[in-house]
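These notes are about the structure you will find just below.
Side chains are part of it too, since the values below use all heavy atoms of this structure and drop only hydrogens, waters and symmetry mates. Residue numbers count from 1 along this sequence.
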Amino acid sequence: MPLLPGIYAGHGLLIHDPITAHNAAVTYANKIRELGWSQWKLFPTRSEGGNIGILSALYALFGPDPALFIPFNAAAEATCALMIYRLGSVLWSGRIGTTGGLVAAILFLVFPSSLQWYGQNLKDAFVIAGMLMMLYVQLRLLQQGDGHDVPRLPPRLLILMLGGAVLCAVFRPYMPILLLAIFGMCWVAVAVALGARRALVKERRLLAHGALALAVLVPIALFAAKSNVAETALEENGATTSEMSSASTSSTQSWAWQESAWLPHKVDHIFQRVSELRKHFAEYGESMSANSAIDSNRIPDSALGVLMYLPRALQIGLFAPFPVTWQQRVSAPRLVGALETSVWYLLFPGVLLLARRRPSRALLFGGCFSATLLVILSYINPNIGTLYRQRFGVWMLVLLAGAVGWISLLSPGLRRIAETRSDLANASKAALGKTDEYPGGGIESMVAAGSLVLIITLVCFLGFTARDLLLTREFGATSMMDGYFFAAMLPTFLIACVSMPMADALMRTFVESKIGQGLKQAEDIVRAVLWYGCLGMLGLSLLLYVCAEPLVRMGMSGRSADAVHSAVTMFRCFLPLLFLSIWTVVGNAVLSGLQRFRTVALTQLVVPVLAVGAIVIWPSTYGPYPAIFGMVAGALLHSLLIVWRLSRLGFVLWPRPSAFRQLPASVMRSYRRLALAALVGSAAIPIGYVIAGLVPGDGGVSAWALASKLITLFSSLASAAVAFVVLPHFSRLVRHHVELLRNDMRLLLVVGNAAGGVGTVMLGLFAVPIASALFSHGNTDERHILMFADILRIGALQLPVAITYTVMIKIAGVVGTSLRALAGSAIALVTNAVLAFVLVHHIGILGVAVASLVAMVSATLLLSTITRKACGLHMRDVAVLCISWIAWAGITLASNADWVHSVVS
């Protein structure tokens with residue numbers, strides 16, 4: 001929340017609806033305490049939903065703490081996800097439907113719009129849950145009668161229908177009436193379709209079950225109808241009828257309804273009433289200076305005008321916010337909506353695939369329901385912010401249909417991949433006999449473990465990003481922050497090129513020793529490695545402490561003496577991370593070799609948690625030092641947790657000098673090669689910082705540091721997954737299962753390239769919105785915001801290339817091509833340094849980004865070419881990778897044509 005001060009209202013709540021509901025609940029809770037429980041009402045007023053009544057009761061009992069509502073929100077969110085998952089099997093029975101439902105349910109849970117409901121007191125999750133429960137009952141009835149006799153109606157479906165109706169009535173009283181009307185229209189359409197096929201008599205039980213399900217909804221809808229539904233809807237959106245009447249603007253003052261003689265009066269009155277609602281909401285939005293309205297000046301004044309506008313209303317209901325608005329008037333909520341809409345756009349073509357490949361009554365009914373509800377909601381309210389929240393449940397239903405459609409298309413290819421791997425596995429197993437340990441099913445466990453590691457590591461990296469953003473928003477892009485980023489970069493660089501290669505070099509030997517000679521022998525090797533690592537890191541830390549000032553001056557040239565002195569002090573404070581890193585790196589390697597992937601991922605979370613916590617707790621007068629000390633304390637705790645967890649597994653992680661005789665020469669030989677390769681490859685990081693420091697003015701290093709961290713997020717995630725999960729898997733395959741290793745590696749490169757390509761397009765599209773949303777409310781000026789966005793766009797182009805490079809250079813250590821990896825890294829370093837030094841004098845800080853992009857592409861091409869045989873790649877595989885890189889870059893540049901033209905000119 002502190003990262004978003006523009007929308008934070010205190011108490012852990014957002015502005016507008018959440019804080020308004022909280023304040024109202026506090027008021028009613030105080031009345032209950034003063035006058036007794038006779039003052040409590042589920043609906044305190046006609047315009048306030050049941051969430052305020054529940055909140056007031058909780059506040060009266062336990063005090064005004066918004067966190068009390070979190071369990072209720074969590075239950076509603078879980079119900080929504082469960083219903084989406086179950087609806088997938090209704091649209092397509094079997095594995096395809098359940099997989100599509102799982103994808104859609106996960107997206108629902110991770111979308112920021114729904115995530116905010118966990119910590120807020122909004123009613124949307126409850127209404128969505130109720131609506132999806134009722135819709136599930138309708139589609140389940142149609143599925144039971146689709147192609148075979150209709151069985152008896154299970155009572156649990158009626159109970160589910162009743163529960164959904166009650167949820168909607170409690171939190172939005174007008175929803176049961178609206179849903180009853182829409183469900184009734186959909187069942188009439190089903191009856192008409194059956195009549196056209198002369199199947200009414202045959203399907204009479206299906207229609208009877210549908211009528212019975214609707215009958216459950218009728219009393220709830222009649223109860224809600226006792227209040228003025230239109231008035232309630234108006235007040236829920238922030239204004240009363242009297243306020244609306246006084247809010248008329250010049251664009252709507254001349255509006256008057258024209259009755260249509262060709263329609264019955266009651267039907268025409270319905271059209272008039274919904275148009276009046278649209279007029280009122282348009283006027284209110286204009287009076288409140290809402291800038292997210294679409295077609296607010298289009299208010300049809302006749303039934304024919306309403307009917308002619310409905311296709312446009314459906315387009316807005318489905319596709320708004322439109323891509324042309326994604327970079328306009330950027331704010332955090334708008335950025336979130338644009339990102340979620342872009343994901344929805346990617347999945348929407350799957351709806352057409354589903355309709356083509358598996359048409360069904362359930363799909364037709366769900367499509368009619370979604371279209372009708374979206375048309376009504378988007379016609380009544382032209383404000384996209386309100387519409388986005390109200391339509392979210394039915395919008396996710398369309399996303400579900402798209403996910404099922406895509407899964408149905410991809411399923412045959414995935415099945416062929418699985419069959420190919422199974423054939424290779426059987427052939428390898430038959431050739432080796434049953435005495436050799438065969439990693440059967442390894443790819444499945446690798447995918448499961450890799451997914452877990454990616455998710456938790458992503459949370460960890462986001463914590464580090466939050467740390468840097470908090471500091472930058474507090475202190476701005478100043479010389480002090482330049483010194484902080486440079487001081488933090490040096491230990492990080494040394495950990496990457498000195499400590500991390502130890503895990504890669506140790507992994508294969510540790511796994512083979514554990515399998516062949518037992519865990520005790522493997523423990524001796526690890527303790528010897530730890531002894532050498534501790535000695536080396538301790539000596540390196542002492543050397544850097546002495547040489548800190550000249551090192552920092554190299555990257556802080558042109559800065560004041562005070563800025564350099566501050567950077568030197570911060571750099572020395574970071575040095576304990578070097579010594580602690582050898583414990584975490586070696587310990588994580590052992591845990592990965594023992595297949596304790598969850599422990600590896602979870603323990604690392606303590607570092608960003610303590611760093612961010614220190615920033616929040618300590619006052620800003622201490623500068624960045626609380627973050628530094630939080631990092632060191634987190635690294636120490638991380639090391640202790642690893643040692644403790646290994647001791648529980650019977651493994652002693654402690655240096656032992658006498659174990660050096662157990663250390664195979666191959667480990668040190670591999671480590672020297674990998675460390676040299678990592679040094680050459682990672683040297684681009686300090687070179688980039690040093691050259692960025694040559695740009696005149698403050699803030700260049702800060703902008704480069706933050707943008708490059710976001711760019712390398714994907715490749716860092718790939719590196720973590722490969723190091724913790726994939727390397728142990730490949731280490732078990734490399735000895736005898738070579739064909740299996742090559743098959744798995746091809747699959748890994750394809751998945752990584754696709755993920756990186758999607759990240760390229762997304763970062764290219766949203767570079768400016770991301771920069772504006774992150775820094776618009778801080779002390780960072782517009783020049784540095786635009787600089788950050790430009791670096792982000794250029795760097796985004798290298799994502800699929802960087803992921804491929806990361807995967808291949810990691811696996812090079814397993815398959816024994818470390819020297820070739822070193823050659824590729826050396827070429828990348830030289831290219832990057834020369835280009836950056838030349839370009840920085842012509843295009844400033846963007847020259848560093850362009851040089852990094854060119855160097856990464858050239859190094860990856862060379863590495864793919866010279867190591868392809870050892871890695872099991874053909875030239876056609878390399879060609880396909882190159883074509884895909886060009887395609888992703890072309891899509892990204894085409895979507896940013898105006899920016900490309902401005903940069904070139």
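- To the nearest 0.5 Å, atoms OG1 (Thr760) and CH2 (Trp888) are separated by 8.0 Å.
- Under a 3.5 Å cut-off, the side chain of Gln138 and the backbone N or O of Phe183 do not form any donor-acceptor pair.
- Ser93 contributes no side-chain N or O that, together with a main-chain N or O of Ser89, makes up a donor-acceptor pair within less than 3.5 Å.
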Could you walk me through whether Leu387 and Ile380 satisfy the side chain to side chain contact (heavy atoms under 4.5 Å, CB included) test, starting with their C-alpha distance in whole Å, then the side-chain angles of each, then the deciding distance to 0.1 Å, before giving a yes or no? CA-CA 9 Å; Leu387 173 64; Ile380 289 177; over 6 Å; no
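- With sequence neighbours excluded, the residues forming a side-chain contact (heavy atoms from CB on, under 4.5 Å) with Leu102 are Tyr85, Ile106, listed by chain and number.
- Within 6.0 Å of CZ on Arg357 lie more than 12 heavy atoms contributed by other residues, nucleotides or ligands.
- Residues Arg156 and Leu160 fail the side-chain proximity criterion, which asks for heavy atoms closer than 4.5 Å.
- Taking the six-membered ring where tryptophan is involved, the planes of Phe171 and Phe126 are essentially parallel, since the angle between them stays under 30° and well short of 60°.
- Around atom CZ of Arg86, no more than 12 heavy atoms belonging to other residues, nucleotides or ligands sit under 6.0 Å away.
- When side chains are defined from C-beta on, Leu339 counts as touching Met762, because their heavy atoms get closer than 4.5 Å.
- Between Phe365 and Cys186, the shortest heavy-atom distance links the atoms CE1-CB, 3.3 Å.
- For Phe111, the ring pair (Phe, Tyr, Trp, His ring centres under 6.0 Å) test picks out no residue, with sequence neighbours left out.
- When the shell of 6.0 Å around CZ of Phe348 is examined, it contains more than 12 heavy atoms from other residues, nucleotides or ligands.
- Residues Val761 and Val758 form no side-chain contact, since every pair of their non-hydrogen atoms from C-beta on lies 4.5 Å or further apart.
- The distance from atom CD1 of Ile220 to atom CG of Leu179, rounded to the nearest 0.5 Å, is 12.5 Å.
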Go through it in stages, so that I can follow the logic: the residues are Val166 and Met133, the test is side chain to side chain contact (heavy atoms under 4.5 Å, CB included), and I'd like the CA-CA distance, side-chain angles, deciding distance and then a yes or no. CA-CA 11 Å; Val166 170; Met133 289 163 64; over 6 Å; no
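- Residues Leu400 and Gly100 come closest through the heavy atom pair CD1-O, 3.8 Å.
- Between Leu206 and Arg361 there is a side-chain heavy-atom pair separated by less than 4.5 Å.
- Between Thr79 and Leu167 there is no side-chain heavy-atom pair separated by less than 4.5 Å.
- Every pair passing side chain to side chain donor-acceptor pair (under 3.5 Å) that includes a residue from residues 369-380 is listed here, sequence neighbours excluded: Ser275-Tyr379.
- Taking CG of Leu397 as the start and CG of Leu374 as the end, the distance is 9.5 Å to the nearest 0.5 Å.
- Put simply, the side chain of Arg389 never gets that close to the backbone of Asp124: no donor and acceptor are under 3.5 Å apart.
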Going through the distances and angles, do Ser408 and Leu354 end up as a side chain to side chain contact (heavy atoms under 4.5 Å, CB included)? CA-CA 8 Å; Ser408 70; Leu354 178 61; 5.7 Å; no
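- Here Ile128 contributes atom CD1 and Leu135 contributes atom CG; the two are 12.5 Å apart, rounded to the nearest 0.5 Å.
- Considering all non-hydrogen atoms of both residues, Thr603 and Val600 come closest at OG1-O, 3.4 Å.
- Interatomic distance, CE of Met396 versus CG of Leu347, reported as 9.0 Å (0.5 Å rounding).
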Given side chain to side chain contact (heavy atoms under 4.5 Å, CB included), test Leu142 with Trp187 step by step and report yes or no. CA-CA 10 Å; Leu142 289 164; Trp187 277 109; 3.9 Å; yes
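- When all heavy atoms are compared, the tightest approach of Ala165 to Leu217 is CB-CD1, 3.5 Å.
- With rounding to the nearest 0.5 angstrom, the CH2 atom of Trp92 is 4.5 Å from the CZ atom of Arg358.
- The closest side-chain heavy-atom distance from Arg391 to Tyr388 is below 4.5 Å.
- Side-chain N or O atoms of Asn381 include none that pairs as donor or acceptor with a backbone N or O of Leu377 at under 3.5 Å.
- Under the 4.5 Å side-chain criterion, counting only non-hydrogen atoms from C-beta, Ile384 is in contact with Ile316.
- Between Met134 and Phe369 the shortest side-chain heavy-atom distance does not fall below 4.5 Å.
- Across all their heavy atoms, Ala403 and Val103 have their closest contact at CB-CG1, 4.3 Å.
- Relative orientation of the Trp344 and Trp395 rings is parallel, given thresholds of 30° and 60° on the angle between their planes.
- Between Pro176 and Pro173 the shortest heavy-atom distance is CD-O, 3.2 Å.
- Looking at Tyr345, its side chain does come within 3.5 Å of a backbone N or O of Phe319 through a donor-acceptor pair.
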